[in-house]
Amino acid sequence: MFALVDCNSFYASCEQVFRPDLRGKPVVVLSNNDGFVVARSREAKALGIGDLQPFFKIEPLLRRNNVAIFSSNYPLYGDLSNRVMTTLKNFSPHIEVYSIDEMFLSLHGMQNKTLQHGQEIKHRLWDHVRMPVGVGIAPTKTLAKMANRTAKKIRKLDGVCILDQPYKWEWVLRRVPVTAIWGVARRMAARLAKLNIESAWDLASANPRIIRGHSNICLERIIEELNGRPCLSLEELPSAKKQIYCTRSFGKKARELQPVLEAISLYAARAADKLRAQKYLALAMHIFFHTSPFKSNFHSVSDIVKLPYPTDDTRLITALARDTAARLYRPGHEFLKAGIGLTEIVDKKHYQFDLLHPGQSEKSDRVMKVMDKINNSEGRGTLFLAAQGVRKPWYMRQQFTSPQYTTKWSDLPVIKA
DNA sequence: TCTGGGGTCCTAGGACCC
DNA sequence: TCTGGGGTCCTAGGACCC
């Protein structure tokens with residue numbers, strides 16, 4: 001049996017942890033650059049605020065209804081996510097962290113008291129972290145996802161849903177469209193509709209081989225999983241990243257080369273930081289920037305360049321990223337977004353170096369080590385390359401950021417006596 | 001004025017090999 | 001008359017996830 005624990009409106013719930021005055025009130029959290037609504041408390045949903053709505057379009061509605069608005073505060077969310085995970089480890093030795101707000105647990109050998117178990121998980125997370133969650137329990141991950149969704153939709157279930165018998169999951173699957181299934185979205189649904197498959201149950205009772213002819217192996221696995229036959233296993237060890245991207249929209253559109261170069265430099269440095277944290281080296285890099293796709297004359301440039309040797313040196317990666325960006329840049333455009341990706345990455349420890357090429361110098365390693373040490377102890381961005389610029393007027397908008405309550409000494413909440 | 005960011009996996013088709 | 005069979009690797013593009 002698998003349990004899927006999914007935090008309710010995770011980002012909004014995180015903001016409420018240190019603002020209990022906002023409990024029971026409408027709260028929304030915006031994406032980077034204050035672009036979209038990415039999380040809504042239940043009360044905000046009740047006001048008719050949809051998911052992924054552009055902020056500028058719904059701002060009047062939010063103001064009118066006194067909705068609490070927050071920019072994304074990832075240090076806070078990441079830390080609370082870790083606390084949720086730590087608490088869950090008391091319930092099962094086998095946990096997969098699927099995303100920042102979702103964890104799968106293996107409940108092997110606990111078949112008989114699953115409902116009680118689910119309730120305990122929910123209550124403990126509220127007691128320890130003040131995090132409201134839904135719990136779905138079923139014999140496969142796909143059904144556990146469905147159980148979780150059901151736990152949140154049907155109030156009577158009180159946040160916990162167990163689908164441990166075929167008649168139970170048949171009841172649910174008959175009542176939801178295929179798009180309610182994990183791994184089936186709009187485009188797949190359109191193709192299935194042509195085969196007269198509309199409900200999740202239609203898909204569950206279809207012939208996997210025939211469906212595969214119309215699609216791919218993923219959908220065949222989904223059918224098996226919907227029938228209680230596990231195809232997806234618990235992945236306890238997070239797999240190493242295969243590519244590392246850092247990309248952002250500009251807070252103020254870039255009309256000149258300078259802000260583009262500064263942004264590219266900053267994102268190159270961030271990507272290199274992540275690369276070193278994973279103890280990997282990069283062999284190639286993807287650089288791109290573009291204007292708004294919502295406007296006419298959409299202009300987009302990109303290039304993939306090889307690094308001279310496998311490296312994790314911020315200085316080398318930044319220099320090449322800047323040269324590439326300068327080469328791609330054409331004046332006369334208002335750039336909306338820029339980014340870089342490290343696309344070919346290899347394990348630093350096991351990489352076989354070229355016999356005739358010395359590769360990255362030890363001096364480079366030492367410089368990067370010092371840089372990381374300072375930035376880890378004094379805060380990110382304490383030591384940086386001047387190429388990133390100092391004032392950064394192009395940096396993303398974050399008008400409504402809450403304090404980093406749990407990860408920054410100066411933001412620690414103060415209790416008044 | 002104003003629309004996120006960071007990933008993964010799969011397949012088809014081309015290039016190339018013996 | 002008339003041009004195999006089996007395989008690998010790479011890339012672009014599609015689809016999906018949170």
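Throughout, a chain's letter reflects where its sequence line sits, starting with A, and its residues are numbered from 1. Please read these numbers as outputs of a predicted model, since none were measured by experiment.
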Using a 4.0 Å cut-off on heavy atoms, which residues in residues 335-345 of chain A reach DNA chain B? List them by number, or say none.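 Hits under 4.0 Å, by residue number: Leu336(A), Lys337(A).
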Tell me which pairs pass salt bridge (charged side-chain N to carboxylate O under 4.0 Å, His left out) where either residue lies in [range], with sequence neighbours left out.
| range | value |
| --- | --- |
| residues 175-192 of chain A | none |
| residues 219-231 of chain A | Arg209(A)-Glu220(A), Arg212(A)-Glu220(A), Glu224(A)-Arg229(A) |
| residues 281-307 of chain A | Asp303(A)-Arg327(A), Lys306(A)-Glu344(A) |

Side-chain donor or acceptor of Thr343(A) paired with backbone N/O of Gln243(A) under 3.5 Å: no
Work out how far the C1' atom of dC17(B) is from that of dG4(C), and round it to whole angstrom.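 So the two C1' atoms sit 14 Å from each other.
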Pairs satisfying side-chain hydrogen bond (donor to acceptor under 3.5 Å, both in side chains), at least one member in [range], at least two apart:
| range | value |
| --- | --- |
| residues 275-285 of chain A | Asp273(A)-Arg276(A), Arg276(A)-Thr314(A), Arg276(A)-Asp372(A) |
| residues 58-67 of chain A | Glu59(A)-Arg63(A) |
| residues 79-89 of chain A | Asp79(A)-Arg83(A), Asp79(A)-Thr406(A) |
| residues 28-38 of chain A | Asp34(A)-Ser71(A) |

Map Ser215(A) and Ser249(A) onto DNA chain B by nearest heavy atom, then report which one ends up closer to the 5' terminus. Ser249(A)
Given DNA chain B, 5'-ward residue of the pair Asn32(A) and Ala240(A), judged by closest heavy atom: Asn32(A)
Name all pairs fulfilling the ring pair (Phe, Tyr, Trp, His ring centres under 6.0 Å) condition that reach into residues 16-37 of chain A, sequence neighbours left out, sorted by first residue then second.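 Residue pairs passing ring pair (Phe, Tyr, Trp, His ring centres under 6.0 Å), neighbours aside: Phe18(A)-Tyr405(A).
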Identify whether the distance between the nearest side-chain nitrogen and carboxylate oxygen of Glu43(A) and Lys25(A) falls below 4.0 Å. no
Ionic contact status for Asp365(A) with Lys348(A), cut-off 4.0 Å: yes
May I ask you to say what [X] touches in the nucleic acid, namely base, sugar-phosphate or nothing, with a heavy-atom cut-off under 4.0 Å?
| X | value |
| --- | --- |
| Arg270(A) | nothing |
| Tyr98(A) | sugar-phosphate |
| Glu59(A) | nothing |
| Asn216(A) | sugar-phosphate |
| Ile244(A) | sugar-phosphate |
| Tyr245(A) | sugar-phosphate |
| Asp101(A) | sugar-phosphate |
| Ile58(A) | nothing |

Paired stems touching DNA chain B, three or more consecutive Watson-Crick or G-U pairs with both distances under 3.5 Å?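 Result, WC/G-U stems under 3.5 Å: B:5-18 with C:5-18.
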Determine the interplanar angle of the Tyr329(A) and Phe335(A) rings, folded into 0 to 90°, and report it as parallel if under 30°, tilted if 30 to 60°, perpendicular if over 60°.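 Answer is tilted, since the angle falls between 30° and 60°.
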Of all of residues 141-149 of chain A, which get a heavy atom below 4.0 angstrom from DNA chain C, listed by number? Lys145(A)
Working to the nearest 0.5 Å, report the span between CG of Leu62(A) and CD1 of Ile69(A).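 CD1 of Ile69(A) is found 5.0 Å from CG of Leu62(A).
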First and last nucleotide of DNA chain B touching chain A, 5' to 3', heavy-atom cut-off 4.0 Å? dC2(B) to dT11(B)
I'd like to know whether Lys152(A) forms a salt bridge (Lys or Arg N to Asp or Glu O under 4.0 Å) with Asp6(A), so could you lay out the CA-CA distance, the side-chain angles of the two residues, the decisive distance to 0.1 Å, and finally the verdict. CA-CA 10 Å; Lys152(A) 292 188 179 185; Asp6(A) 185 322; 3.1 Å; yes
